[in-house]
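Order of the sequence lines sets the chain letters (A, B, ...), proteins ahead of strands, with each chain counted from 1. What you see is a predicted model; the values in this text were computed from it and never measured.
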There are 2 protein chains.
Amino acid sequence: MPESPTTLPELDLTASSIDLTKTICDIESVSGNEAPLADAIERALGDYQHLDVLRVGNTVVARTSGGKPQRAIIAGHIDTVPVNNNLPTRFETIDGRDYLWGRGTADMKSGVAVQLKLAAELADPTIDVTWMWYDGEEVASDKNGLGILAAARPDLFVGDFAILGEPTRSDIEGGCNGTVRIDVVTRGLRAHSARSWVGKNAIHGIAPVLNILAAYLPASVEVDGLVYREGLNAVGISGGIAGNVIPDECRVHINYRFAPNRSAAEAVEYLRELFTGFEIDVVDAADGARPGLDAPIAQEFTRAVGGEALPKYGWTDVARFSALGIPAVNYGPGDPLTAHADDERVALDEIVACENGLRTWLTGALA
Amino acid sequence: MPESPTTLPELDLTASSIDLTKTICDIESVSGNEAPLADAIERALGDYQHLDVLRVGNTVVARTSGGKPQRAIIAGHIDTVPVNNNLPTRFETIDGRDYLWGRGTADMKSGVAVQLKLAAELADPTIDVTWMWYDGEEVASDKNGLGILAAARPDLFVGDFAILGEPTRSDIEGGCNGTVRIDVVTRGLRAHSARSWVGKNAIHGIAPVLNILAAYLPASVEVDGLVYREGLNAVGISGGIAGNVIPDECRVHINYRFAPNRSAAEAVEYLRELFTGFEIDVVDAADGARPGLDAPIAQEFTRAVGGEALPKYGWTDVARFSALGIPAVNYGPGDPLTAHADDERVALDEIVACENGLRTWLTGALA
């Protein structure tokens, strides 16, 4: 009997956004393994004459060219964090609400599914759209497909407004907090622990740093009408050489999430003041993004989608658009609190709400 | 050209104890890598008919059998803590005093060299001697070659007095502090660091433990006429999962060195009270040893060596002899303050003093 040919996954972009979410989630695409899903997306979009499709690495771009006066960029990442016994997906009902459960359902393949369905369906939207589906979002910044695309093809990053389909429970979340990581380091002097008075204990020396962190009351900061909640946390600590040696170095790794009224450089300066007298190594720093909800096109979007805009706490790729001068918001199905969790899930009604909200805006149905 | 054969290190036990110290130190024997040095010791001792030599693992034992009424056990460990750019050794003169500098010079290969030289030289000492050179002293207790030997060959641990060649500046140091290691653990709740208020930070929770340690004033305790100085120190700390996750566990590894008026069990109880309310894991616990200088043979040794007995701060294997009912003291060249330090060194005059002191005692030259 001849071997059966390998079946390539197929996406039916006329299916419901819920079914399309399930199909996309069941094509595993942990960061680094996005090619099969990117292939399937590229093949499926090839059927639609109103889209110019191009590909860079495992990032797929599809553009309408209707000669409209305005253009929106609508983007989503197709990779996920590692699977942990949560694929394939399954439908579940909890307290009377229906969910799709499994890796990627919230972060953010439901958003990608809605975007793909509307890209196929809306041959003549009221504003031109550049759709982007990219890889490498869940890993180090230099692997980020959106960043790689922006460097390779800056000509594609022209638009009046951008929407990123990160999970927001299908509410609009404006901007994002910035993030800075530093190490605070204390130095001591090694000695045998049997004669500890000869040395100087670097771990004991870090106590004031932990006291500052433990007592710290994070601020809530209003920026352009949205209130951003900050956070300052030790995310790692290390020190010690052996069980009988007074340690000569201790290092606490700190992550500061700060409201977008300040730049990353200002946030670093703030940390230097907070930990005055201590050695500080800056590990990485990324600006946040202001909400960007004052642009007329953003206000039209807000009206079409309905509801009230909220602040986004986590750093997302909206900051990349913001840095390019394109106002950008997060808008997608799924509860961000379940993102990366083993019980990741998305409420089906949020998928439908997102689909309806985007369709209303892009078809001018509210006007 | 044929490859030159591997040269096995050779020890000349008729060399001066200073030169022998240098040779032994330059055979690197960090814990776990003692075999080449143990091989060299075993080979060198094989030349001496007055010694019965046996080996267990990388521990070498050599006994005289002169039918004397008393027997001493004289022991030293052959391993060192890790090398840190301090091998090979070199001779140095500081403020007019001559030193041998490098890993193992003080802790305790100079003591081992003196012992090896005298084991070879003294064919008929006034008391029988069981010489022991063992591995695994600088690591976890279950790797300790003396402990392993005591379990495998309890018949060898018969004697009236024991001398351990740990560095004492060639003074007699009686007994030793006990040592306990515990982990104090705090628990939290993981969350994404962008939404830290959903979690509970275990590293912040360890701050009170470090405050207790930083403020702790160690006691000095008199036992049998000697004053023992205690110490309580964090020797390790760890916590953290990833740069964007609130950590759910933090663990500080603490070493308590306590005077021999208390048992290890009492010391653990004391730590439980000091850290009331915190989760505690006891990692290891070893009783100290009271000075043991009241036995007549110990007093003869003290007279032969000269000088005044002092307390030993560090836990040493004298406690193993003490637990077996054999009075034991520490006596060896080298300043314990430089043990484990990067600038470890031994004063040459201390090597000579130790050699002379032991020879005086073992040849009855003072009588």
Checking heavy atoms, do the side chain of [X], its backbone, both or neither come under 4.5 Å from chain B?
X        : value
A:Asn255 : side chain
A:Leu232 : backbone
A:Ala215 : neither

Which value, rounded to the nearest 0.5 Å, describes the distance between [X] atom [atom1] and [Y] atom [atom2]?
X        : Y        : atom1 : atom2 : result
B:Leu213 : A:Ile203 : CG    : CD1   : 9.0 Å
B:Leu210 : A:Ile206 : CG    : CD1   : 8.5 Å
B:Ser193 : A:Arg257 : OG    : CZ    : 3.5 Å
B:Leu337 : A:Arg195 : CG    : CZ    : 6.0 Å
A:Tyr256 : B:Ser196 : OH    : OG    : 11.5 Å
A:His340 : B:His192 : NE2   : NE2   : 5.5 Å

Is chain A contacted by the side chain of [X], its backbone, both, or neither, given a heavy-atom distance below 4.5 Å?
X        : result
B:Ile241 : backbone
B:Pro336 : both
B:Arg229 : both
B:Asp284 : neither

**Request:** Check whether more than 12 heavy atoms from other residues, nucleotides or ligands sit under 6.0 Å from atom CG of A:Asp142, and answer yes or no.
**Result:** yes
**Asked** Crowded around B:Ile94 CD1? As in, over 12 foreign heavy atoms under 6.0 Å?
**Response** yes
**Fill in**
B:Asn84 and A:Arg190 have their tightest heavy-atom pair at ND2-NH1, 4.4 Å
**Heavy-atom pair with the smallest gap, counting every atom of A:Pro247 and B:Ala234** = CD-O, 3.3 Å
**Item:** Student check: side-chain heavy atoms of B:Val245 and A:Val235 closer than 4.5 Å
**Value:** no
**Item:** 4.5 Å side-chain heavy-atom contact, B:Cys250 and A:Ile237
**Value:** yes
**Request:** State whether a side-chain donor-acceptor pair under 3.5 Å links A:Asn211 with B:Asn211.
**Result:** yes
Tell me, out of [options], who's got the most heavy-atom pairs with chain B below 4.5 Å.
options                      : value
A:Tyr313, A:Trp315, A:Tyr216 : A:Tyr313
A:Gly199, A:Ser238, A:Gly314 : A:Ser238
A:Cys176, A:Ala202, A:Gly243 : A:Gly243

**Asked** Which one, B:Ala214, B:Ala140, B:Gly239, leads in non-hydrogen pairs under 4.5 Å with chain A?
**Response** B:Gly239
